[in-house]
There are 2 protein chains.
Amino acid sequence: MPSQQVAIDRVFHALGDSTRRAILQKLSSGPVTVSRLAKPLKITLAAVVQHLQVLEDSGLVQTEKTGRVRTCSIEPRGLTLAERWISERRSLWERRLDRLGQFLAEEDKNRS
Amino acid sequence: MPSQQVAIDRVFHALGDSTRRAILQKLSSGPVTVSRLAKPLKITLAAVVQHLQVLEDSGLVQTEKTGRVRTCSIEPRGLTLAERWISERRSLWERRLDRLGQFLAEEDKNRS
DNA sequence: GGGATTGTCAAGCAGATACTTAAGTATCGG
DNA sequence: CCGATACTTAAGTATCTGCTTGACAATCCC
């Protein structure tokens, strides 16, 4: 069981590549096979498979093979992890700004 | 003016490194100078400055130099960009699942 | 069976990336 | 003015990444 930290690391690393984000983009409107995924991209099928490996390891994509065809779909778990990390940092930051704003308002009131 | 695509690319690339995320983590509880930022990290100050350059170029961090001290703080613009990208893909995906669920429910009803 | 389709695996390589070291600049405090 | 502080910049390097090629399954369908 990978620690939360490692999982976050994997997810953001995976999202760091634009080709992988393009794959997620495509998958967000429904499951697609590997070869159909590769069609619009200007890279080899082998390269696409390597990206898919990264995406799967990071919990962003789930794949299932039936017969000789592998079908890929989005796994929301990974996206949720990333989304939560961002929103946590953001809310921390915003809460701080709130406190600062309150403090300044207090100051202002006391000055009158 | 960088296209939205380039901006997204920069943000996710910046978030892809764990040291840079650690910097954001630290900054989320308030502005910090460069050298204080470098203290807990096990890398050179020069390396930290390089990371800060990336973070600033991607709109995740804002810095200001007064005297010889550079103070860094979070710039929410970058985080918002990333957050929105993720939530857009997620909502696309979830809407699709909703339609699928509705379809299956219809099927089930008609089968009786 | 046999040819076509769909994917997998393993090297290998060019360029990107994170880091270090070393030398330099600017500012502060006494 | 001078030493200490706080960066800044440039160059070099070792490792990582994304990609290709080429050989190899496994499955489908005629």
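Below, chains carry the letters A, B, ... as their sequence lines are ordered, and counting in each starts from 1.
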Novice: Determine: side-chain N/O of A:Thr44 to OP1/OP2 of D:dC19, distance under 4.0 Å, yes or no.
Specialist: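 Negative; the distance criterion is not met.
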Novice: Residues in ring pair (Phe, Tyr, Trp, His ring centres under 6.0 Å) with A:Trp93, at least two apart?
Specialist: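 Here no residue qualifies.
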Novice: Under the salt bridge (charged side-chain N to carboxylate O under 4.0 Å, His left out) rule, what pairs show up with a residue in residues 58-76 of chain B, not counting sequence neighbours?
Specialist: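 Sorted pair list: B:Glu75-B:Arg77.
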Novice: Who pairs with B:Val32 by side-chain contact (heavy atoms from CB on, under 4.5 Å), at least two apart in sequence or on another chain?
Specialist: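 Testing B:Val32 for side-chain contact (heavy atoms from CB on, under 4.5 Å), a comparison that skips the adjacent residues, returns B:Lys26, B:Leu27, B:Arg36, B:Leu37.
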Novice: Enumerate the residue pairs fulfilling salt bridge (charged side-chain N to carboxylate O under 4.0 Å, His left out) with a member in residues 78-88 of chain B, sequence neighbours excluded, ordered by first and then second residue.
Specialist: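 Listed by first then second residue: A:Arg90-B:Glu83.
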Novice: Which of residues 58-68 of chain A have a heavy atom under 4.0 Å from DNA chain C?
Specialist: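 Heavy-atom cutoff 4.0 Å gives A:Lys65, A:Arg68.
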Novice: Excluding sequence neighbours, so at least two apart, what forms side-chain contact (heavy atoms from CB on, under 4.5 Å) with A:Ser18?
Specialist: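 A:Arg21, B:Asp9.
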Novice: Kindly say if A:His13 contacts the phosphate of D:dT17, meaning a side-chain N or O under 4.0 Å from OP1 or OP2.
Specialist: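 Result: yes.
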Novice: I'd like a table of atom pairs between the protein and nucleotides 11-13 of chain D - only N or O on both sides, under 3.5 Å - with the distance next to each one.
Specialist:
none

Novice: Between A:His51 and D:dC19, is there a contact of a side-chain N or O with OP1 or OP2 at under 4.0 Å?
Specialist: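 Looking at the OP1 and OP2 atoms of D:dC19, one of them is under 4.0 Å from a side-chain N or O of A:His51.
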Novice: Could you give the angle between the helix axes at the two ends of the helix from C:dG1-D:dC30 to C:dG30-D:dC1, with five pairs per end, rounded to 10 degrees?
Specialist: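 Here the local axes at opposite ends form an angle of 30°.
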Novice: Could I get the full list of side-chain contact (heavy atoms from CB on, under 4.5 Å) partners for A:Ser91, not counting sequence neighbours?
Specialist: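 So A:Ser91 forms a side-chain contact (heavy atoms from CB on, under 4.5 Å) with A:Arg95.
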Novice: Tell me the interatomic distance from A:Arg70, atom CZ, to C:dT8, atom C1', rounded to whole angstroms.
Specialist: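 Roughly 9 Å, once rounded to whole Å.
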Novice: Looking at residues 26-35 of chain A, who's got a heavy atom less than 4.0 Å off DNA chain C?
Specialist: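 Within this stretch, A:Thr33, A:Val34, A:Ser35 sit under 4.0 Å of the strand.
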Novice: So, using side-chain contact (heavy atoms from CB on, under 4.5 Å) as the criterion, who are the partners of B:Ser28 when residues are at least two apart?
Specialist: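 B:Ser28 satisfies side-chain contact (heavy atoms from CB on, under 4.5 Å) with A:Arg89, A:Leu92, B:Ile74 once adjacent residues are dropped.
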Novice: Using a strict heavy-atom distance below 4.0 Å, which residues from residues 14-24 of chain A are in contact with DNA chain D?
Specialist: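 The stretch gives A:Asp17, A:Thr19, A:Arg20 as the residues lying under 4.0 Å from the strand, ordered by number.
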